[in-house]
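Some notes on the structure that comes next.
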Amino acid sequence: MSFKEADLERASTITPVELQDSYSEKEDHDEKEYYTDNDCIQTPVIEIPKKPASAYISVCIMCVMVAFGGFILGWDTGTIGGFESHTDFLRRFGSTNKNGEHYLSKVRTGLLTSMFNVGCSIGSFFLGRLGDMYGRRIGLIIATTIFIVGTIIQVASVKAWYQYMIGRIVAGVGCGVIAMLSPMLISEVSPKHLRGAMVSCYQLMVTMGIFLGYCANYGTKRYSNSVQWRVPEGLQFAWALFMISAMLFVPESPRYLVEKNKIEEAKRSIAKSNKVSPDDPAVVREVDEIKIAVDRERAEGEAGWSEMLDTKTKVFQRVVNGIMLLALQQLTGCNYFFFYGTLIFKAVGLEDGYETAIVFGVVNFFSTFIALYVVDKFGRRACLLWGAAGMTCCMVVFASVGVTRLWPKGKNAGITSQGAGNCMICFSCFFIFCFATTWAPVPFVIISESFPLKVKAKGMALATVSNQMWNFCIGFFTPFIAGAIDFYYGYVFMGCLVFSYFYVFFFVPETKGMVLEDINVMWEEGTLPWKSANWVPPSERGADYDVDAMANDDTPAWKKLIGK
């Protein structure tokens, strides 16, 4: 905020609330113009002070408790592939061939694997408003309860494969809401300098769930009865009950509380997350900024679906960006390994694919810890660009070795090269490392930061639907495609990864270290993505800052790519 020289004396004693009121009056008349004349002064912005990392341990624990919803989703991903190889599961839900052997057809395998994602899409699209109606915490409790109902249906299945599939759809509805509300709540309660790492905890919990799901399958494979799959399935009750209990201890979103006129509760929520007093001037300032944004949105009326097409405020561009990022996350080919890891390893000559699947789970889980560091250290764009480049290289090697070296005497001969198989597993692990440190968590971080409060639930719902529907397509069609073209399938994902690199460079802006309200301003100003790392919030700009230069660039595209 800036004041003319005639107000120098008053500026030295003005309170944070008065500062915000001045901002509001200025905004009403000039629509977010800011003084930049040389005859004006720049009043220091009151920031919430950063504390040593040890001071945020309790905040991190709270965010991990919210992120535990990702564990539930990861557990399902890690167990379902193993279930489809268990003898009791095949006997109950599979078909019988002329030799008396039990098997799952490609259609049934695809449906049992991927209908969970259809349920996720339904949940995120139709029930995403639960967070706006009842609060993020209550929304998560309702979603987890729906998941429990789906789990009961699955565990109670005896012989009807379609009953098990229905249970997966119902459980998916709950997980779809969780996948939307967990990152949303974390992004709204975590300190801005930790937001990237804290939202990435959601993906960390996903990877932990996948890893422990693999371990559960390995531990129960020696049984010959329903213990093989009912015990891992039943353990989901424990995870769901922990999730519900955790919601009783975490703070509610301050943005939701302000929207419901619970200002004092909003102050306490921000203070709890940032380890300061509720009466701290920086807390008061942040609440005032949120209130201004909420009041503006109220004045504009409730957002309808048509507002998702608004290009003037760049909402449409943000919706497209969210849809594309979460679609491309699936098109990296990650779930090709996670869903069908056990079956892939059998194809490369390893009979006990469970053990190698656990190796995948270990790499995936521990690599995500690195993501917690790099996402806030190097920024969102850099992570996505380097991740796409690294995964492209790994997929080229994986697919090429599979096509040219795995079956030295032809696939029909049934003889596989152990060296080629080991090479493929090695580069699969490199691929998962690149994915887990970049494309696994970062898209969720970006969509949780990008949308203004008014359309946040709808925008994140559309992005989540995109993610889950592509997840469904890969889960359903992979048995057919892999059966028809084998490891040439890897070249399809390679092409998607190359496209992902260019898409991120030209369309995804940097949002590291900004408060959510400033990210909204950056989008509205039309800042070019490759210049966004140098964008400065209005409250910190000097007289020489050029908004137009940040939104325009005459440099040829090829120079942008190779330039700094």
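- From Asp132, atom CG reaches atom NZ of Lys458 across 7.5 Å, with rounding to the nearest 0.5 Å.
- For Ser187, the side-chain hydrogen bond (donor to acceptor under 3.5 Å, both in side chains) test picks out Lys456, with sequence neighbours left out.
- Once rounded to the nearest 0.5 Å, the distance linking CG of Asn117 with CE of Met469 reads 8.5 Å.
- Contact check for Ile142 versus Val177: no side-chain heavy atoms found under the 4.5 Å cut-off.
- To the nearest 0.5 angstrom, Trp470 atom CH2 is 12.0 Å from Ile323 atom CD1.
- Between Tyr164 and Glu233, some side-chain heavy-atom pair lies under the 4.5 Å cut-off.
- Among residues two or more places apart in sequence or in another chain, the side-chain contact (heavy atoms from CB on, under 4.5 Å) test is passed with Ile263 by Val258, Lys267, Val287, Lys291.
- Between Thr437 and Cys383, every side-chain heavy-atom pair lies at or beyond the 4.5 Å cut-off.
- Taking 4.5 Å as the limit, every side-chain heavy atom of Asn520 sits out of range of all side-chain heavy atoms of Phe451.
- Between the CE atom of Met247 and the CD1 atom of Ile138 there is a distance of 10.0 Å, given to the nearest 0.5 Å.
- Salt-bridge check for Arg268 with Glu264: failed, with every basic side-chain N at 4.0 Å or more from each acidic carboxylate O.
- Ring planes of Trp530 and Phe505: parallel class, angle under 30° (limits at 30 and 60°).
- In this structure, Trp439 and Leu331 have side chains that are not in contact, with every pair of non-hydrogen atoms separated by 4.5 Å or more.
- Remark: side-chain polar atoms of Trp75 are paired, donor with acceptor, to backbone N or O of Pro232 under 3.5 angstrom.
- If you take CZ on Phe378 and NZ on Lys512, they are separated by 9.0 Å, rounding to the nearest 0.5 Å.
- Considering Thr151, Ile146, Ile152 in turn, Ile152 is the only one that fulfils the side chain to side chain contact (heavy atoms under 4.5 Å, CB included) rule with Ile148.
- The environment of Lys260 atom NZ is dense: over 12 non-hydrogen atoms of other residues, nucleotides or ligands sit within 6.0 angstrom.
- A donor-acceptor contact shorter than 3.5 Å is absent between the side chain of Ser466 and the backbone of Leu462.
- Looking at Trp386 and Val374, their side chains never come closer than 4.5 Å, going by heavy atoms from C-beta outward.
- Counting heavy atoms of neighbouring residues, nucleotides and ligands inside a 6.0 Å radius, atom CZ of Phe237 exceeds 12 of them.
- Annotation: side chain of Asp279 is not in contact with side chain of Val284 (no heavy-atom distance under 4.5 Å).
- Crowding of Phe242 atom CZ: a count of heavy atoms from other residues, nucleotides or ligands under 6.0 Å exceeding 12.
- Contact between Glu510 and Ala382 at its shortest, heavy atoms only, is OE1-N, 4.4 Å.
- The distance from atom CE of Met208 to atom CZ of Phe369, rounded to the nearest 0.5 Å, is 6.0 Å.
- For Phe507, the ring pair (Phe, Tyr, Trp, His ring centres under 6.0 Å) criterion is met by Tyr503, not counting sequence neighbours.
- Classification of Arg380 and Glu449 as a salt-bridged pair holds, one side-chain N sitting under 4.0 Å from a carboxylate O.
- Nearest heavy-atom pair, Glu252 versus Arg137, reported as atom, atom and distance to 0.1 Å: OE2-N, 3.4 Å.
- Taking the side-chain hydrogen bond (donor to acceptor under 3.5 Å, both in side chains) definition, one finds that Arg255 meets it with Glu517, sequence neighbours left out.
- Contact of the Trp523 side chain with the Asn321 side chain is registered, since non-hydrogen atoms from C-beta on lie closer than 4.5 Å.
- Residues meeting the side-chain hydrogen bond (donor to acceptor under 3.5 Å, both in side chains) test with Arg381, sequence neighbours left out: none.
- Using bins of under 30°, 30° to 60° and over 60° for the plane-to-plane angle, the ring pair Phe365/Phe211 lands in the parallel bin.
- A donor-acceptor pair is defined here as one N or O able to donate and one able to accept, closer than 3.5 Å; such a pair exists between the side chain of Gln329 and the backbone of Ala440.
- With sequence neighbours excluded, no residue forms a side-chain hydrogen bond (donor to acceptor under 3.5 Å, both in side chains) with Asp518.
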